[in-house]
Amino acid sequence: MEILVETYRNPGEPSHARVRVRALPDQRLDGQDIGGLKVRCSVAMRTAWPVGTRFWLDVVLTQREGGPPFLHAGPRAAWRPA
């Protein structure tokens, strides 16, 4: 499903990526509020545009065993600037 996301800097977060992506507030996916969830996605998308850029991105809701839910966009997922 296509949702609206934005890039941001991640100081203090446990990630090696300097620029991360999160879902914007007031969005639902599979009946669940996804606002603020982190998105695993293409490095090219995260770094090709200035921090704070918003994108439309195809994602799926997922969760690793014992971990928090997150959104995943595969390496060929469609995305476009908002």
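Think of Val60 as one node in a network of Ile, Leu, Val, Met, Phe, Trp and Tyr side chains linked at under 4.5 Å; it has no links at all. Clustering of Ile, Leu, Val, Met, Phe, Trp and Tyr side chains at separations under 4.5 Å places Leu24 together with Leu4, Trp56. Think of Val51 as one node in a network of Ile, Leu, Val, Met, Phe, Trp and Tyr side chains linked at under 4.5 Å; its network also takes in Val19.
In this structure, CZ in Phe70 is found 11.5 Å from SG in Cys41, a value given to the nearest 0.5 Å. For the atom pair CG of Leu71 and CD1 of Ile3, the computed distance is 4.5 Å after rounding to the nearest 0.5 Å. With values rounded to the nearest 0.5 angstrom, Leu37 atom CG is found 6.5 Å from Leu61 atom CG.
Note on residues 68-82: pairs passing side chain to side chain donor-acceptor pair (under 3.5 Å), not counting sequence neighbours, are Glu2-Arg80. Contacts classified as side chain to side chain donor-acceptor pair (under 3.5 Å) and involving residues 21-40 (residues at least two apart or in different chains) are given here: Glu6-Arg22. Applying the side chain to side chain donor-acceptor pair (under 3.5 Å) test to pairs two or more places apart or on separate chains, none has a residue in residues 44-55.
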For this session: Evaluate side chain to side chain contact (heavy atoms under 4.5 Å, CB included) for Phe55 paired with Thr7, printing each intermediate quantity in order.
Result: CA-CA 8 Å; Phe55 298 92; Thr7 58; 3.8 Å; yes
For this session: Would you check, one step at a time, whether the test side chain to side chain contact (heavy atoms under 4.5 Å, CB included) holds for Ile34 with Val59?
Result: CA-CA 11 Å; Ile34 59 165; Val59 299; 5.5 Å; no
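Tracing side-chain contacts under 4.5 Å through hydrophobic residues (I, L, V, M, F, W, Y), one never reaches Tyr8 starting from Val39; they form parts of separate clusters.
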